[in-house]
Amino acid sequence: MASKGMLRIFCALLLVVVIMFLSNYIVYKNSIQSIYKQVSENNRLVVNNVIRSFDNSFKKINDIIYSVQMLPYNAWDEIDSGSIDMHDAYMMQKNIGTLISSVNYIEDVVVFHKNSSLAITSTGTIHLPELFAIKYIHPIYNAEYWYSLASSEHPLKMMPTQYFGRKTAGAEAPGRKLLTVLGNNQISELNIMVFIDLQKLLSEVNQISMMQGTSLFLLDENQTMILNTEDDWNMVGLLSDLRIDAAQESTVQRKDYEYYVFKSEYNGFTYINKSPREFANLEAVSTTNQSIMLVSILSAIALSLLLSHFLYKPVQNILKLFGGRLGTGPDYPNIKREILRLQEANDEAQRRLASVHEDMRRNYFLRALDDHSDSLEFELQGRSYFGELLPLGQFIMLSVTFRPKEDQVKHSHVSPEELLDCLQTGLSQRLEHVVLFHEAGLTFIGLISLRQASHKENAMNRVRSFLVSLQNKSFQNFGIIAAASRVYISKISNCRLAYKDIVRCYSERNLTDEGPLFDIQSIRPSFRVHLAPQEIERLSYSIMTGNKSEAERLVSEMLDANLKLDIQYHQLLSIAESIFYGMMKHFPSSTRLPAQQQELEATFRRKLELSVDFKTVRELLVASARTIASQHEETQTNKLNRAAIAEYIDKHYMDNLHLEHMAELLETSPKYFSNYFKKHFGVNFVEYLNKVRLSNASEYLRKTDLSITEIGERTGYLNATTFTSTFKKYYGVSPSEYRKNPAM
């Protein structure tokens, strides 16, 4: 360094190194802050969606509790006399199972009475102390606790999440975390408990999509913690950090965390989202990057010293350098590799930013479909995405759903990302501007921008031809169904109206419209449906006799009649359910068949929900008819069954029942049936039928204001004279006298 010339060269190179270091450091810091800011904004949208999902879940639970309270069955009606109506208990259990079948995060619903040990669950009946000694073991929340709480009137209560144990094969199994809701018993004497699986609930509301390090706390209206996602939480520390006032929505920033507080208008619950003000593990990343930069600058200084030495050599060495003959000069291959590595790192950062931007744009669009998306913050945020979503003057909304065909489920594995890419690429080649997003499952929704409303028909034709080509070539294992809205002016607020069009279009499309694309404007309302009770009765008779071919013919005729009327799809689903339950009411009675009945009903409802057209609905009903008729074939030899005969008479006593009809129904002779009936019932068929009819007639006389003639017709008598004479024969008084004094 004694030479001034070498010193100048070294200082110049060192200045270049310092400038490069400072530039890279500024870019690094700004990049981290920019990414965090965008991820934080995206996390805010995700949290809002999670909170609304929680509110919707609690509404659904409240609706289920109210529905159970409104059931027309009460096994404890005669509890004062010490008796339990097990028929009502069975019907209540069956209805509870149906109500919670579509809500996967509800583990069980328990109904009990404060004066009885009987408890009704979705799977059967059990003594309440035994239930909490086997399935829901807890040192505090035991049967005595719930009896004590149920002894007085109380509103709906939600208990803090607790670990409940259970016994399996005599041993206690690991506990699971449950959220317990005790229903309002101020309108009913029944107490209803709902056990909610916390892990499934968090999965349902998509809590895992929140930013790493985020925690969610839920407080009830009394500021009691009932749910949290952080294991090492401190209630005192949390409340000392926050001041929960009456404001519905607020944000509080502390040293390391930012708290977003939201109060629900629905139930007064307080949601607290705790998110870090920096990325998790950001300090370790920063330390590593600083170490890398320190090593780089030291290496650059050393390289500057070396370059200074070579640059200060005589001109001939410089000429050799330019000629490429210096073996000890600068390492150009390493410099090139470093430049390429930096370019790759920059490209990766750009891809990540693009992914974050796409996620934020998707969350913004899906939130625009919500009826509560009209806040000032939402409008301000939308300004940066409006031009990307709706660049032209008008738009239509498009929804596309892929549903695996029933016989091709094993061969239909494809990811939503692949389907979205295929749809976006194909439609972008055919339309001026289209943007699509993944909504849920295999359903995709997006916007098609139009310059004029008159361009809609051309756009729909192109979309239709593309979907047909997809179904015929690339996705033969799927059924594809799509819906299009009306044309709207390009305003984000109109997205909600367009989305309602989509929902209506899926439900109300006409049967004769050819798919896969349905337009809301092509819907033709229909109020004429074909559903004749006598045809369903004939179908039921065919099922009872095991006549599969006749049952299939009747099902096809009823559906074809509605197809000719061009009814709407939601009407077809209602008709299909009516036909199915018309067949199910004659499902053979047996101690081993209730589970089969429930499985058959659950399978039918699941497949009906997944059906996309008239053909699949027809095939589903025909298959159900075959299955139920087969059950009757298996029980054909047991038709002369005392319980089955009594049940049939109880259900059809108002019809024109006679020996010949019963014998034909049971495929035997009238004489044999008459002898069998008197042997097993102790009276002849006519006397038994009269007793059943007159028992129901006495109920009408005591509880209704119907005329004598109307009561006679409702209980199976052809005229009032026959009814009056028969009633007087068995009761000793006329119907009019009995009505005046039922105690006679």
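Heavy atoms only: backbone and side chains are in, while hydrogens, waters and symmetry mates are out.
- Other residues, nucleotides and ligands contribute more than 12 heavy atoms inside 6.0 Å of the CZ atom of R702.
- Distance check, rounded to the nearest 0.5 Å: CE of M583 to CD1 of I628 gives 4.5 Å.
- Ion pairing of R605 with E609 is absent here, as no side-chain N (NZ or NE/NH1/NH2) approaches a carboxylate O to less than 4.0 Å.
- Counting heavy atoms of neighbouring residues, nucleotides and ligands inside a 6.0 Å radius, atom CZ of F681 exceeds 12 of them.
- Interatomic distance, OG1 of T724 versus CD1 of I708, reported as 6.5 Å (0.5 Å rounding).
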Apply side chain to side chain donor-acceptor pair (under 3.5 Å) to the pair E535 and H530, showing each step before the final yes or no.
CA-CA 10 Å; E535 292 182 0; H530 180 79; 3.1 Å; yes
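- At a threshold of 4.5 Å between non-hydrogen side-chain atoms, the residues V463 and I448 count as touching.
- A donor-acceptor pair under 3.5 Å is absent between the side-chain atoms of S695 and the main chain of K691, judged by distance alone.
- Using a cut-off of 4.0 Å between Lys/Arg side-chain N and Asp/Glu carboxylate O, E647 and K651 are scored as salt-bridged.
- The cationic group of R693 lies under 6.0 Å from the six-membered ring centre of Y717 and within 45° of the ring axis, placing it in a cation-pi geometry.
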Run L554 and E557 through side chain to side chain contact (heavy atoms under 4.5 Å, CB included) and show every step you take.
CA-CA 5 Å; L554 290 170; E557 284 183 358; 4.3 Å; yes
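- E601 and Y581 are linked by a side-chain donor-acceptor pair at a separation below 3.5 angstrom, with hydrogens and angles left out of the test.
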Applying side chain to side chain contact (heavy atoms under 4.5 Å, CB included), run through I645 and F673 and close with a yes or a no.
CA-CA 11 Å; I645 294 172; F673 173 74; 4.0 Å; yes
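- Using a 4.5 Å cut-off on side-chain heavy atoms (C-beta onward), L559 and L572 make contact.
- Judged purely by distance below 3.5 Å, without hydrogens or angles, the side chains of N510 and Y569 never pair a donor atom with an acceptor atom.
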Show, in sequence, the C-alpha distance, side-chain angles and deciding distance for E577 and S574, and conclude whether the side chain to side chain donor-acceptor pair (under 3.5 Å) test is met.
CA-CA 5 Å; E577 286 190 340; S574 298; 5.5 Å; no
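- Atom CG of L369 is separated from atom SG of C495 by 6.5 Å, given to the nearest 0.5 angstrom.
- Atom OG of S507 is separated from atom CD1 of I502 by 13.0 Å, given to the nearest 0.5 angstrom.
- For the pair R509 and F518, the cation-pi criterion (under 6.0 Å, within 45° of the ring axis) is fulfilled.
- The backbone N or O of K671 sits nowhere less than 3.5 Å from a side-chain atom of S674 that would complete a donor-acceptor pair.
- Under 4.0 Å is where a charged nitrogen must lie from a carboxylate oxygen, and between K456 and D519 at least one such pair does.
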Quick one: do I396 and Y488 satisfy side chain to side chain contact (heavy atoms under 4.5 Å, CB included)? Show the steps, please.
CA-CA 6 Å; I396 56 176; Y488 289 91; over 6 Å; no
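- No side-chain heavy atom of F395 sits under 4.5 Å from any side-chain heavy atom of L450.
- Between the side chain of N719 and the main chain of T721, a donor-acceptor pair closer than 3.5 Å is present.
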Hey, mind stepping through S449 and V434 against side chain to side chain contact (heavy atoms under 4.5 Å, CB included) and telling me if it holds?
CA-CA 6 Å; S449 293; V434 59; over 6 Å; no
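- Checked by atom type and distance alone, the side chain of N562 never pairs as donor or acceptor with a backbone atom of V529 at under 3.5 Å.
- Of the N and O atoms on the side chains of D613 and T616, at least one donor lies less than 3.5 Å from an acceptor on the other residue.
- For C422 against F466, the heavy-atom pair with the smallest separation is O-CZ, 3.8 Å.
- Here the closest non-hydrogen pair linking V555 and L621 is CG1-CB, 3.7 Å.
- At least one side-chain heavy atom of I61 sits under 4.5 Å from a side-chain heavy atom of F58.
- Annotation: the span from T704 atom OG1 to R714 atom CZ amounts to 7.5 Å, rounded to 0.5 Å.
- E508 places no side-chain N or O within donor-acceptor distance of the main-chain N or O of C505, the cut-off being under 3.5 Å.
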Run the numbers on R524 and T512 for side chain to side chain donor-acceptor pair (under 3.5 Å), then give the verdict.
CA-CA 10 Å; R524 299 174 299 281; T512 56; 3.3 Å; yes
Under the side chain to side chain donor-acceptor pair (under 3.5 Å) rule, what do N696 and T715 come out as? Steps first, then yes or no, please.
CA-CA 7 Å; N696 285 276; T715 52; over 6 Å; no
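- Taken to the nearest 0.5 Å, the CG atom of L665 stands 8.5 Å off from the NE2 atom of H652.
- Considering F677, Y648, Y653 as possible partners of Y688, the one that fulfils the ring-ring contact (aromatic ring centres under 6.0 Å, His included) test is F677.
- Closest approach of G446 to F365, counting heavy atoms only: CA-CZ, 4.3 Å.
- The ring pair (Phe, Tyr, Trp, His ring centres under 6.0 Å) test applied to F614 returns no partner, not counting sequence neighbours.
- Side chain of Q521 to main chain of R486: no donor-acceptor pair is present (N/O by atom type, distance under 3.5 Å, no hydrogens or angles).
- Side-chain contact between I536 and M558: present, with at least one pair of heavy atoms (C-beta onward) separated by less than 4.5 Å.
- The minimum heavy-atom distance between I520 and S485, with the atom names listed, is CG2-C, 3.5 Å.
- For the 3.5 Å distance criterion, the side chains of T123 and T121 qualify, holding a donor opposite an acceptor.
- S469 and N472 share no side-chain donor-acceptor pair at under 3.5 Å.
- For the residue pair N690 / T726, no side-chain donor-acceptor distance below 3.5 Å is found, with atom types taken as modelled.
- Contact of the L659 side chain with the V686 side chain is not registered, since no non-hydrogen atoms from C-beta on lie closer than 4.5 Å.
- For the pair P516 and I481, the minimum side-chain heavy-atom distance is 4.5 Å or more.
- With a 4.5 Å cut-off on side-chain heavy atoms, N494 and I489 count as touching.
- Screening residues 615-629 for salt bridge (charged side-chain N to carboxylate O under 4.0 Å, His left out) gives E552-R626, D560-R618 as the qualifying pairs, with residues at least two apart or on separate chains.
- Considering every non-hydrogen atom in both S122 and I100, the closest pair reads CB-CD1, 3.5 Å.
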Would you tabulate the side-chain donor-acceptor contacts of residues 435-445 under 3.5 Å, counting partners in other chains and residues two or more places apart, or write 'none'?
from, atom 1, to, atom 2, distance (Å)
H438, NE2, G441, O, 2.7
E439, OE2, Y499, OH, 2.8
T443, OG1, T401, OG1, 3.2

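- Here the closest non-hydrogen pair linking D566 and S526 is O-CB, 3.8 Å.
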